Amino acid sequence: MATDSRHLTAASIPRLWRMTRLHFDPVRQRQVLLYPEGAVLLNDTGAAILELCNGSHTVGQIASILTERYHADVSADVTEYLNLMVERELIRVG
């Protein structure tokens, strides 16, 4: 299923762009998303979302996992965050 950030749905399957990787920065004591042009310093929630973007979870499944983990409905936040990452071309959606 091809989609773009304007059509991200609960059934979309996000994965990190092949040129990105999650990395723990020991100096900052937090996860960073590295890519050829730079890096994105991640908060705990952003890192949790991106760790689940492995090509095997749908947006709905990611939201469900994190809703259970945080005991709060985070569906809108997950979708908004992933849309931002797709727009920045750091996430691909299939």
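Remember, it's a predicted structure, so these values are computed and weren't measured experimentally.
Here the closest non-hydrogen pair linking R88 and Y35 is NH2-OH, 3.7 Å. For the residue pair L66 and A48, the shortest heavy atom distance occurs at CD2-CB, 3.9 Å. Taking all atoms of both residues into account, the shortest heavy-atom contact from L82 to C53 is CD2-SG, 3.6 Å. Between L42 and R30, the shortest heavy-atom contact is O-NE, 2.9 Å. L8 approaches S12 most closely through the heavy-atom pair CD1-CB, 3.6 Å.
At least one donor-acceptor pair closer than 3.5 Å links the side chain of T67 to the backbone N or O of A63. Side-chain atoms of H57 come within 3.5 Å of backbone atoms of L52 as a donor-acceptor pair (strictly under, hydrogens ignored). The backbone N or O of A76 sits nowhere less than 3.5 Å from a side-chain atom of T79 that would complete a donor-acceptor pair.
For D44, the CG atom is loosely surrounded, since the number of other residues' heavy atoms within 6.0 Å does not exceed 12.
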Verdict with supporting geometry, N54 and R15, side-chain contact (heavy atoms from CB on, under 4.5 Å): CA-CA 5 Å; N54 56 16; R15 68 186 186 303; over 6 Å; no

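Summarising the geometry, atom CG belonging to L50 is positioned 5.0 Å from atom CD1 belonging to I91; distances are rounded to the nearest 0.5 Å. Atom CG of L16 and atom CG of L90 lie 8.5 Å apart (nearest 0.5 Å). Rounding to the nearest 0.5 angstrom, the gap separating the CG atom in L22 from the CG atom in L33 is 5.5 Å. Distance check: Q29 CD to F24 CZ gives 4.0 Å after rounding to the nearest 0.5 Å. Rounding to the nearest 0.5 angstrom, the gap separating the CD atom in Q31 from the CD atom in E51 is 5.5 Å. Taken to the nearest 0.5 Å, the CD atom of E80 stands 11.5 Å off from the CE atom of M85.
When hydrophobic clusters are built by joining Ile, Leu, Val, Met, Phe, Trp and Tyr residues whose side-chain heavy atoms come closer than 4.5 Å, directly or via intermediates, V86 is grouped together with V40. The cluster map of Ile, Leu, Val, Met, Phe, Trp and Tyr, joined by side-chain heavy atoms under 4.5 Å apart, puts V93 and V59 in the same cluster. Residue L34 is not grouped with residue M19 when hydrophobic side chains (ILVMFWY) are merged at heavy-atom distances under 4.5 angstrom, including chains of intermediate members.
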